[in-house]
Chemist: 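I have a structure I would like to understand better, so I am pasting it below and will then ask my questions one at a time.
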Amino acid sequence: MSSYESSNKARPLLAKAYNPSEHESDIYDRWEKSGAFTPDGNKAIQKSDANPFSIIMPPPNANGNLHTGHAMFVIEDIMTRYRRMQGQPTLWLPGTDHAGIETQVVYERELKKDGLSRFDLGRDKFYAAALEFTVTNRPKIISQLRSLGFSADWSRLKFTLDEDIIATIYATFKQMHADGLIYRGNRIVNWCTSCQSSFADIEVKFVDRTDEIYTLDYGTVKIATTRPETIFADAAVAVHPDDVRYAKLIGQTATIPLIDRPVAIISDDYVAQEFGTGALKVTPAHDKNDYEIGKRHHLPEISVVDLDGKLINVPDEFAGVSVKDGRQAVVTALEAAGKLIKTTPIAHSVGTHDRCGTTIEPLITEQWFMRVAEPNAKVIQAIESGEIKIIPERFKKVAIDWLANEYDWNISRQNWFGIRIPVFYKASSDPDKEPYIVTADENEAKAYYGEGNYRAETDVFDTWYSSGQWPYATLQSTGDFDRFYPTIVMETGRDILTKWVTKMAMFSLYRTGQIPFTTVYLHGMVNDEHGKKMSKSKGNVINPLDLTSKYGTDALRLALTIGITPGNDGSLGEAKVEGYRNFCNKLWNVARFVLGQLPEGYSPTDPQPKTAADAWILARVNAGVSEVTRAIEDYRFSEAGQIVYSLLWNDFADWYIEASKVEQNANILYHSLMTILKLLHPIAPYVTEAIWDASPATDSQLITSAWPQSVTITAALSAKAAEFEAIQAVVSAARTLTAEEQLSKPTILTTDKTIASSAELVTRLARAGKIELVEQGRGLYLGTATPAWIDADDSLIEARKHRLQSTQIEKEGYLKSLEAKLANERYTSSAPASVVEETRTRRDETAAMIAKLNEQLQTLVN
RNA sequence: GGGCGAUUAGCUCAGCUGGUUAGAGCACCUCGUUUACACCGAGGGGGUCAAAGGUUCGAAUCCUUUAUCGCCCACCA
């Protein structure tokens with residue numbers, strides 16, 4: 001029985017080199033048209049008891065361009081393709097993200113070209129226009145993803161602003177609100193004056209900067225500050241309760257310079273005695289910590305910076321000035337008033353908005369918050385218990401630490417392009433009505449408040465509030481929830497572990513009572529060829545599409561798989577991709593050879609080994625199957641790639657194909673090639689499919705062919721395979737000697753009948769003239785376990801004398817160490833038996849080689 | 001300030017729970033038109049696994065300390 005189906009569709013591989021662009025788009029179309037990307041596209045090989053496999057693709061920005069981060073989705077494709085071939089119902093669900101604030105900024109730039117701003121359009125029109133802009137752009141990123149060969153089910157493509165997705169977000173908000181997890185508060189938040197919105201703590205990036213710290217005269221005390229422009233917002237001066245210097249001042253007042261307003265001197269543990277003067281000006285409205293102090297001491301919250309970053313509620317001369325200019329002006333005024341005691345440079349870190357780099361202004365504004373403590377606790381439990389597994393494991397701690405320490409989450413944003421928070425406020429002051437109701441339906445608001453008596457919330461959700469619900473929102477929308485939820489793997493960059501992955505887990509446990517995925521696989525960042533971070537300013541940004549157009553998609557995919565480990569940064573350079581292009585070409589030519597050898601009308605049958613080489617390659621391929629399978633199952637994709645690489649090139653091409661030029665076994669050639677194609681297909685889908693397509697004996701596509709199974713190798717087969725290994729050792733040694741001594745067609749002598757009986761094979765592989773079976777060796781000993789010599793005259797032996805001697809010394813040293821090891825009883829008793837046994841074998845082999853070397857050197861002495 | 005990671009051949013990196021004389025690709029050197037492949041073949045050189053201690057029969061791998069680089073977190077104005 002053959003595992004291969006028959007057909008006559010073979011198309012010869014004519015091109016001498018693999019040309020990716022000739023094949024890729026055709027193949028992709030064929031895959032997609034056949035339905036292979038859909039969950040039951042592998043119906044023919046689907047096992048009835050197989051577990052469904054699903055991955056949700058992290059949705060790229062619909063307005064964005066493909067970068068190396070997206071290219072890393074190749075890991076997801078590998079898993080998807082592997083599972084599909086394993087006969088599991090498989091779903092890789094793609095989507096795109098409206099990317100609220102980013103898109104808004106980009107689209108405003110577009111508007112600016114026409115001399116317009118978003119205010120010219122108004123909120124609703126702007127939203128509609130930005131949405132249209134996004135929908136128009138979306139096909140670009142999708143086609144870029146497709147060009148990378150990603151076998152996602154595009155028929156299920158979702159968008160973060162799809163109506164049903166939004167409905168899910170609304171339902172979650174409503175439920176959370178009812179459960180008391182959501183509240184509205186006038187609190188200090190991170191405000192970006194450029195984006196005109198508040199942001200979550202995690203979106204604040206601290207950058208190290210050197211600024212000036214000013215020591216100011218507050219009358220009774222001196223204070224140190226980096227923000228003199230906010231002195232007008234001071235509500236108190238705080239000192240540490242244990243600070244003897246200030247003990248008697250507590251309860252008295254200090255005087256804010258320039259405006260001569262007295263403020264209380266209070267004591268609070270927060271103050272660091274050793275910092276500055278040990279006295280802190282407390283500005284509740286413009287500093288997060290001061291805000292907390294203010295709450296503890298019931299201090300007034302005086303705002304002196306507005307939403308545009310301009311000074312307000314300050315003396316006229318500073319009003320309306322930016323924070324930066326205001327600071328300078330205030331310093332000048334302080335100096336003139338003799339209140340500036342000193343100015344010193346200080347290295348500190350300043351919060352900036354991670355998207356636009358603008359310095360964050362802590363301001364008090366009305367925002368929506370979510371209480372995260374309780375929901376997060378459930379996530380921590382799921383991670384700690386291992387219900388959610390994180391690869392690499394060390395990120396478990398990162399995730400847990402983050403979840404345990406997260407403050408209430410500011411979920412509202414003031415940008416315009418986003419999902420509006422489903423709330424209506426009453427416009428009148430009717431005391432009988434709630435100040436706001438939670439609903440997305442305006443009719444409800446109308447019915448509740450009465451026509452004209454309500455207004456809609458204008459804030460939108462933090463983008464992570466909606467994307468955090470992506471797994472179940474999408475699957476519910478496509479009708480796949482029951483079959484594919486929870487998903488199996490979430491594969492994403494380790495940089496959004498806290499921002500996104502933890503949120504998904506939190507929302508999912510809250511809404512579905514289940515984890516959203518069982519395994520989180522985190523990839524690191526892709527750096528340039530020197531391991532340096534890619535950045536526009538350094539000009540070392542690599543565009544994956546430049547590489548694929550030059551070297552083919554498979555080459556890029558291999559480069560992003562091999563040599564890259566989870567959680568660690570990897571490097572990508574043109575040379576690496578070029579190397580894998582060469583590999584693809586190697587495979588192509590191997591296939592050209594193999595397919596070219598098959599007889600007319602060839603129909604494969606089960607491979608039966610005849611020669612030692614046959615047995616050897618069967619064993620190698622079989623081992624490859626089990627190793628690659630295990631590596632993929634264990635998420636060791638780099639190793640999986642390396643194993644196939646070496647199997648194809650070092651084993652199959654370098655040895656077996658060469659051997660097959662002496663004695664051919666079509667079934668084994670064919671079986672080996674087909675198996676390698678399957679093993680490589682998840683990583684390099686195009687070239688493998690192209691070759692599969694040209695193979696004579698199948699009418700199905702490789703993408704939906706069954707993953708190979710490894711079998712138990714019989715003792716007889718492995719004995720036969722060992723014969724070939726002996727041949728390889730002799731051939732290699734002969735080659736080395738031939739090359740080093742620049743011999744031409746030397747004669748190989750051996751006392752081993754098996755080697756001698758493979759005369760044609762050995763001579764061809766070793767480029768030897770001939771091989772003779774002899775009773776007694778002569779000439780130059782090859783140093784192999786199987787006795788073999790190069791027939792040589794004394795001058796050559798003399799020339800090799802030093803080499804022989806150094807080899808002898810080296811071997812003897814080695815032998816000594818092995819013997820010492822075996823003499824050590826603690827070694828023989830505590831090391832595993834197999835390890836000890838191996839040591840014994842090596843000792844015996846080494847001893848045998850030394851004996852022959854001695855023999856050889858003996859003759860030289862004479 | 002705390003935490004994490006990295007440090008292995010000239011370069012970029014593998015090396016799973018400690019067990020052959022430490023690997024790969026590229027680069028380098030020497031040969032080679034053996035018709036599948038020069039996007040190739042054969043051979044070669046190159047590493048005291050950052051340093052110092054420790055645990056162990058055995059350490060690149062585990063522990064401690066140090067150094068350098070990188071990342072994350074953090075409320076010191």
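Numbered from 1 within each chain, the chains take letters A, B, ... in sequence-line order.
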Chemist: A/T738 near the nucleic acid: base, sugar-phosphate alone, or nothing, with a heavy-atom cut-off under 4.0 Å?
Modeler: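 No contact.
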
Chemist: Which value, in whole Å, describes the distance between the C1' atoms of nucleotides B/U12 and B/G58?
Modeler: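 Here B/U12 and B/G58 have their C1' atoms 31 Å from each other.
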
Chemist: Using a 4.0 Å heavy-atom cut-off, does A/K576 contact any base of the nucleic acid, only the sugar-phosphate backbone, or nothing at all?
Modeler: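 Nothing: the residue A/K576, judged by heavy atoms under 4.0 Å, touches no strand.
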
Chemist: Measuring only the P atom in each nucleotide, how far is B/U33 from B/G41? A whole number of Å is fine.
Modeler: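 Nearest-Å result for B/U33 against B/G41 at atom P: 16 Å.
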
Chemist: Does this structure show an ion pair linking A/R800 with A/E741, if we count only N-O contacts that are shorter than 4.0 Å?
Modeler: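 Yes, A/R800 and A/E741 are salt-bridged.
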
Chemist: Give one of base, sugar-phosphate or nothing for A/R394, where a contact means two heavy atoms less than 4.0 Å apart.
Modeler: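 Touches sugar-phosphate only.
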
Chemist: What does the 5'-to-3' dot-bracket notation of RNA chain B look like when only Watson-Crick and G-U wobble pairs under 3.5 Å count, and pairs to other strands show as |?
Modeler: (((((((..((((.....[...)))).(((((.......))))).....(((((..]....))))))))))))....

Chemist: Considering every strand and a 4.0 Å limit on heavy-atom distances, what is the contact class for A/Y270: base, sugar-phosphate, or nothing?
Modeler: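 Here A/Y270 touches the bases of the nucleic acid.
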
Chemist: Side chain to side chain donor-acceptor pair (under 3.5 Å) with A/K770: which residues, sequence neighbours excluded?
Modeler: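 A/K770 satisfies side chain to side chain donor-acceptor pair (under 3.5 Å) with A/E772 once adjacent residues are dropped.
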
Chemist: Base, sugar-phosphate, or nothing: which does A/R735 touch, judged by heavy atoms less than 4.0 Å apart?
Modeler: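 Result for A/R735 = sugar-phosphate.
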
Chemist: Closest-nucleotide mapping onto RNA chain B: is A/I564 or A/I657 further toward the 5' terminus? I mean the 5' end.
Modeler: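 Counting from the 5' end, the first nearest nucleotide belongs to A/I564.
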
Chemist: Does NZ or CZ of A/K661 come closer than 6.0 Å to the centre of the six-membered ring of A/F593, within 45° of the ring's axis?
Modeler: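 Yes, cation above the ring, under 6.0 Å and within 45°.
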
Chemist: Expressed in whole Å, how much space separates the P atoms belonging to B/G47 and B/G3?
Modeler: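 Rounded to whole Å, the distance is 37 Å.
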
Chemist: Determine the contact category for A/A631: base if any of its heavy atoms lies under 4.0 Å from a base atom, sugar-phosphate if only primed atoms, P, OP1 or OP2 are that close, otherwise nothing.
Modeler: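 It contacts nothing in the nucleic acid.
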
Chemist: With side chains defined as the heavy atoms from C-beta onward, is the minimum distance between A/D569 and A/R494 less than 4.5 Å?
Modeler: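 Side-chain contact under 4.5 Å: yes.
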
Chemist: Give one of base, sugar-phosphate or nothing for A/K586, where a contact means two heavy atoms less than 4.0 Å apart.
Modeler: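 Here A/K586 touches the bases of the nucleic acid.
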
Chemist: Does A/E837 come within less than 4.0 Å of A/R840, counting only side-chain N to carboxylate O?
Modeler: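 Result for this pair is yes, salt bridge flagged.
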
Chemist: Students often get this wrong, so: under 4.0 angstrom with heavy atoms, is A/V398 touching a base, only sugar-phosphate, or nothing?
Modeler: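 Answer is nothing: A/V398 stays at 4.0 Å or more from every strand.
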
Chemist: Base, sugar-phosphate, or nothing: which does A/G579 touch, judged by heavy atoms less than 4.0 Å apart?
Modeler: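 Nothing, no nucleic acid heavy atom in range.
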
Chemist: In whole Å, measure the gap between the P atoms of B/C69 and B/A24 for me.
Modeler: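 The same atom, P, in both gives a distance of 32 Å.
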
Chemist: Would you mind classifying the nucleic acid contact of A/T226 as base, sugar-phosphate or nothing, using non-hydrogen atoms under 4.0 angstrom?
Modeler: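 If one applies the 4.0 Å heavy-atom cut-off, A/T226 turns out to touch the sugar-phosphate alone, with no base involved.
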
Chemist: For A/G276, which contact category applies under a 4.0 Å heavy-atom criterion: base, sugar-phosphate, or nothing?
Modeler: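 Answer is nothing: A/G276 stays at 4.0 Å or more from every strand.
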
Chemist: Is there a side-chain contact between A/L556 and A/Y551, using heavy atoms and a 4.5 Å cut-off?
Modeler: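 When only atoms from C-beta onward are counted, A/Y551 and A/L556 do not touch, as no gap falls below 4.5 Å.
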
Chemist: Looking at every strand, decide which applies to A/R767 at a 4.0 Å heavy-atom threshold: base, sugar-phosphate, or nothing.
Modeler: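 Base contact - A/R767 has a heavy atom under 4.0 Å of at least one base atom.
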
Chemist: Tell me whether A/R581 is salt-bridged to A/E578, with the criterion being a basic N under 4.0 Å from an acidic carboxylate O.
Modeler: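 Salt bridge between A/R581 and A/E578, a charged N being under 4.0 Å from a carboxylate O: yes.
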
Chemist: Work out how far the C1' atom of B/A77 is from that of B/U64, and round it to whole angstrom.
Modeler: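 Rounded to whole Å, the distance is 38 Å.
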
Chemist: Counting any heavy atom closer than 4.0 Å, what does A/Q597 reach on the DNA or RNA strands: base, sugar-phosphate only, or nothing?
Modeler: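 No contact.
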
Chemist: Could you say whether A/D654 or A/K205 is positioned toward the 5' end of RNA chain B, judged by the nucleotide with the nearest heavy atom to each?
Modeler: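 Final value for this comparison: A/D654.
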
Chemist: May I ask you to decide whether A/D211 forms a salt bridge with A/R227, counting only side-chain N to carboxylate O separations under 4.0 Å?
Modeler: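 Salt bridge: no.
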
Chemist: Name the first nucleotide and the last nucleotide along RNA chain B (5' to 3') that come under 4.0 Å of a heavy atom in chain A.
Modeler: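 Footprint of chain A along RNA chain B, 5' to 3': B/G3 to B/A77.
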
Chemist: Just checking A/H286 against A/Y291, ring centres under 6.0 Å apart?
Modeler: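 A/H286 vs A/Y291: aromatic centres not under 6.0 Å.
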
Chemist: Using atom P in both nucleotides, what's the gap between B/G10 and B/C28 to the nearest angstrom?
Modeler: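 The answer is 15 Å between these two P atoms.
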
Chemist: Quote, to the nearest angstrom, the P distance that separates B/A60 from B/U8.
Modeler: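 Taking atom P in both B/A60 and B/U8, they lie 15 Å apart.
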
Chemist: Could you give the distance separating B/G23 and B/G19 at their P atoms, to the nearest angstrom?
Modeler: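 Between the two P atoms, the distance is 14 Å.
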
Chemist: Please determine if A/K532 and A/D528 form a salt bridge, counting it only when a charged side-chain N lies under 4.0 Å from a carboxylate O.
Modeler: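 Judged by the 4.0 Å cut-off on N to carboxylate O distance, A/K532 and A/D528 do not form a salt bridge.
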
Chemist: Once you apply a heavy-atom cut-off of 4.0 Å, does A/E658 come out as touching a base, just sugar-phosphate, or nothing?
Modeler: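 The answer is base, as A/E658 lies within the cut-off (heavy atoms under 4.0 Å) of a base atom.
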
Chemist: Do A/F652 and A/I657 touch side chain to side chain, with heavy atoms closer than 4.5 Å?
Modeler: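 Of all side-chain heavy-atom pairs linking A/I657 with A/F652, at least one is under 4.5 Å.
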
